[in-house]
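Heads up: the structure comes next, in structure tokens.
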Amino acid sequence: MKIQRLKLEASVPAVAMGDIAFLLLIFLFILARTNDTSHIRWKPATAPTVKSASVAVAEVAIDADHKLFLNGRIIGVASLGTELTRLLEDRPAGQRAVHFKVDLRTPAQYFEPAIEAISSAGGELVHILEEEKAAP
Amino acid sequence: MMRLQRRSLLLEPPASATSDIAFNLIVFFLVCASVQPDTGREQLIPRVDEQKEKSKQSQNIEVSLTPRLIIVNGEPVPEEKLTSRLTSLLAGKNKPEDKVVLVKSDQATPYQRWIQVTGLVESAGGVITLRLEETKSTTVN
């Protein structure tokens, strides 16, 4: 008598596929946030009314040590205008938003030339601010 | 008559997937919390070449800003009266170029104060334009 060998079926568990796809999506979503500016130390200024800021083409920041950053990397104020012009290129009006993150104690001598550079490059300036909290 | 008992079906959700679901939910909310949208204020600042042309055409209001003082057309104005003062100055000016307010800041003026004052100027109907001090370098032989 011939004994038949037991056939073992090796199948991939399909139950986990949804989970894997979902985790991959989240992973790619985090990777897509390329302009990571979390290393910049700054405290936002406050204003009584603020709006949700639109999506920015570029992000200009001045940290607590008055260093100037464009999309997370240090840049000189002299080359800020040229770099922004290159980034904004032929974008139509309404799609040229430039987020401006400045530490609240920064003196005018540092932030005004940056504002001028953004304006000269044709950027639509958006000051990133926090809403003023009512005193307790 | 004999009564037939209905067979009870045990309907239980698969417990093995619960930990996966919990983990996915944690990751999802974590990502949502870290991607909070920025809030801020848009500000229209005319280009430098445009503002030069406009300042030639008409006499604009000038606001000088120091860490302690606000001076409107050479006259100190308390912060709480700035909006009303500018509103009265801008009254009757219908052309956009006439609504331009030249803001000249002292080098030491902090950003927080600048934001506060320019916010008041905009709420009075003014269009902010920066007046920067020009620096020229000359080489002497």
Side-chain angles (χ1 to χ4, degrees), chain A residues 13 15-16 18-20 22-23 25-27 29-30 33 37-38 42-56 59 62 66 81 97-113 115-132, chain B residues 14 16-32 34-52 64-67 83 103-120 122-123 128-135:
Chain A
V15 186
D19 286 353
I20 293 164
F22 182 71
L23 286 176
L25 267 179
I26 289 174
F27 175 69
F29 180 69
I30 293 169
R33 296 175 67 215
T37 52
S38 54
W42 72 292
K43 202 172 174 234
T46 55
T49 48
V50 287
K51 282 186 205 165
S52 167
S54 53
V55 180
E59 193 173 281
I62 300 176
H66 316 319
V98 177
H99 283 186
F100 194 47
K101 294 179 172 180
V102 182
D103 185 81
L104 77 169
R105 282 176 292 268
T106 308
Q109 70 180 102
Y110 294 101
F111 67 79
E112 279 196 333
I115 293 176
E116 196 203 6
I118 296 168
S119 152
S120 304
E124 289 158 1
L125 183 67
V126 182
H127 295 275
I128 300 299
L129 308 167
E130 254 181 18
E131 193 166 10
E132 247 171 37
Chain B
S16 59
T18 317
S19 60
D20 278 356
I21 294 165
F23 178 70
N24 278 336
L25 279 172
I26 288 171
V27 172
F28 177 73
F29 285 114
L30 201 74
V31 170
C32 281
S34 66
V35 192
Q36 274 185 337
D38 286 322
T39 54
R41 193 175 77 202
E42 285 177 27
Q43 195 169 53
L44 178 77
I45 293 189
R47 285 190 190 201
V48 179
D49 47 343
E50 287 173 21
Q51 77 193 46
K52 272 179 187 168
S64 298
L65 190 58
T66 71
T83 314
V103 176
K104 189 183 173 187
S105 309
D106 183 271
Q107 299 279 287
T109 310
Y111 182 66
Q112 174 67 63
R113 181 161 171 79
W114 192 89
I115 280 291
Q116 274 174 355
V117 174
T118 54
L120 293 172
E122 282 179 330
S123 65
I128 304 287
T129 299
L130 300 184
R131 174 165 277 188
L132 301 179
E133 282 175 21
E134 282 183 30
T135 50

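We name chains A, B, ... by the order of the sequence lines, and we start the count at 1 in each one.
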What residue in [options] has the most heavy-atom pairs under 4.5 Å with chain B?
options	answer
V126(A), L104(A), L25(A)	L104(A)
L23(A), L129(A), I128(A)	L129(A)
A45(A), A108(A), P113(A)	A108(A)

**OP:** Answer with side chain, backbone, both or neither: which region of F23(B) has an atom nearer than 4.5 Å to a non-hydrogen atom of chain A?
**Re:** side chain

**OP:** Can you tell which part of Q43(B) gets under 4.5 Å to a heavy atom of chain A, answering side chain, backbone, both or neither?
**Re:** both

Original post:
Where on L125(A) is there a heavy atom nearer than 4.5 Å to chain B: the side chain, the backbone, both, or neither?
Top reply: both

Original post:
Does any heavy atom of chain B fall under 4.5 Å from the side chain of F100(A), the backbone, both, or neither of them?
Top reply: both

Subject >> When P110(B), G119(B), A108(B) are compared by non-hydrogen pairs under 4.5 Å with chain A, the top option >> reply: P110(B)

**OP:** Taking the side chain as every heavy atom from C-beta outward, state whether W114(B) and V102(A) have any pair of such atoms under 4.5 Å apart.
**Re:** no

Subject >> Side-chain heavy atoms of D103(A) within contact of I62(A), under 4.5 Å >> reply: no

Subject >> For E122(B), all residues meeting salt bridge (Lys or Arg N to Asp or Glu O under 4.0 Å), sequence neighbours excluded >> reply: R41(B)

Original post:
Do you know which two heavy atoms are closest between I115(A) and H127(A), and how far apart they sit?
Top reply: CD1-CE1, 4.1 Å

**OP:** Kindly write out the residues that satisfy ring-ring contact (aromatic ring centres under 6.0 Å, His included) with H99(A), not counting sequence neighbours, or none if the list is empty.
**Re:** none

**OP:** For side-chain hydrogen bond (donor to acceptor under 3.5 Å, both in side chains), just list the numbers for E112(A) and S105(B), CA-CA rounded to whole Å, side-chain angles, deciding distance to a tenth of an Å, and then say yes or no.
**Re:** CA-CA 9 Å; E112(A) 279 196 333; S105(B) 309; 2.9 Å; yes

